[in-house]
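One structure is given below, encoded as structure tokens.
To find a chain, count down the sequence lines: A is the first, B the second, and so on, and within it residues start at 1.
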Protein chains: 2
Amino acid sequence: MRFAARVEVLLRPGIADPEGATIERALPALGFHDVHQVRAGRSFRFEVDAADELTARRRAEDLARQLLANPVIEDSELVLTVQAPAGEPS
Amino acid sequence: MRFAARVEVLLRPGIADPEGATIERALPALGFHDVHQVRAGRSFRFEVDAADELTARRRAEDLARQLLANPVIEDSELVLTVQAPAGEPS
């Protein structure tokens, strides 16, 4: 089966976020007085081939932890969906 | 009311994604033979104060288009959720 994975990588709470802070400082001058608490992160999408959802989830979490996020300063969040059921051409 | 917005900014289909390609090339050597189609993007979270969800959505979409994404090469996707109902301290 083929699964579609989306991983969002965000700085852990308490870690300085200069990109988010810079965007937030620029907002009032651009007319966005109603927007606060801007945090910037990274997003990844990929496909995982696996026999079942549990395996796919474990592989995607391993990948996120080892390659996509820096676990010292970042948290990652995974959303996994079935893309092609077993038996269909992937 | 206060709304929590999450914006995912990804390169449009067909636009070269060197970061995603670099990650994907590294995967087999790291044991991830089962992962394909890696795409890298950016993720933003922020809060919007607005009278109702429609207004909040419009403001968040304006912000994403004007500041977060480059509409020539990027698509943005918004997820909006109510964070604090009217009347509660925001």
Side-chain angles (χ1 to χ4, degrees), chain A residues 1-11 13 17 19-51 55-69 74-77 79-80 83-84 90, chain B residues 1-11 13 17 19-51 55-69 74-77 79-80 83-84 90:
Chain A
M1 292 172 75
R2 175 155 289 192
F3 297 84
R6 297 165 62 153
V7 172
E8 187 184 13
V9 176
L10 280 172
L11 290 163
D17 177 1
E19 185 180 355
T22 302
I23 294 170
E24 190 161 344
R25 267 201 309 277
L27 292 177
L30 294 158
F32 290 97
H33 299 272
D34 45 0
V35 176
H36 311 278
Q37 302 290 336
V38 181
R39 293 171 65 203
R42 289 171 297 132
S43 161
F44 299 92
R45 296 196 184 193
F46 51 89
E47 296 176 3
V48 187
D49 290 326
T55 309
R57 183 171 296 278
R58 208 165 43 215
R59 292 294 285 164
E61 282 172 352
D62 285 350
L63 175 58
R65 205 172 33 241
Q66 292 176 32
L67 267 126
L68 305 180
E74 291 172 326
D75 280 327
S76 65
E77 211 177 290
V79 176
L80 197 75
Q83 188 164 350
S90 53
Chain B
M1 294 171 74
R2 177 156 287 193
F3 298 84
R6 297 166 61 152
V7 172
E8 187 185 13
V9 176
L10 281 172
L11 291 164
D17 175 1
E19 185 179 354
T22 302
I23 294 170
E24 189 160 345
R25 267 199 310 275
L27 291 177
L30 294 157
F32 291 97
H33 297 274
D34 45 0
V35 176
H36 311 278
Q37 302 290 335
V38 181
R39 293 171 64 203
R42 290 172 295 132
S43 161
F44 299 92
R45 296 195 184 194
F46 51 89
E47 296 176 3
V48 186
D49 290 325
T55 309
R57 184 170 294 278
R58 209 165 42 216
R59 294 294 286 165
E61 283 171 353
D62 286 350
L63 175 59
R65 205 172 33 238
Q66 291 176 33
L67 266 126
L68 304 180
E74 291 172 327
D75 281 327
S76 65
E77 210 177 290
V79 176
L80 197 74
Q83 188 165 352
S90 55

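Residues of residues 26-36 of chain A lying under 4.5 angstrom from chain B, judged on non-hydrogen atoms, are A:L27, A:L30, A:G31, A:F32, A:H33, A:D34, A:V35, A:H36 by number. Using a 4.5 Å cut-off between non-hydrogen atoms, the part of residues 3-11 of chain A that approaches chain B consists of A:R6, A:E8, A:L10.
The pair A:R45-B:E77 meets the salt-bridge criterion, since a charged nitrogen lies less than 4.0 angstrom from a carboxylate oxygen.
Legend: residues meeting side-chain hydrogen bond (donor to acceptor under 3.5 Å, both in side chains) with B:D17, ordered by chain and number and at least two apart, are absent. The salt bridge (Lys or Arg N to Asp or Glu O under 4.0 Å) test applied to B:R57 returns B:E53, not counting sequence neighbours.
Note that CD of B:Q37 is 8.5 Å distant from CD of A:Q83, once rounded to the nearest 0.5 Å.
Residues B:F46 and A:I23 form no side-chain contact, since every pair of their non-hydrogen atoms from C-beta on lies 4.5 Å or further apart.
Only the side chain of A:Q66 has a heavy atom closer than 4.5 Å to any heavy atom of chain B.
By number of non-hydrogen pairs under 4.5 angstrom with chain B, the leading residue of A:L63, A:V48, A:D62, A:L67 is A:L63.
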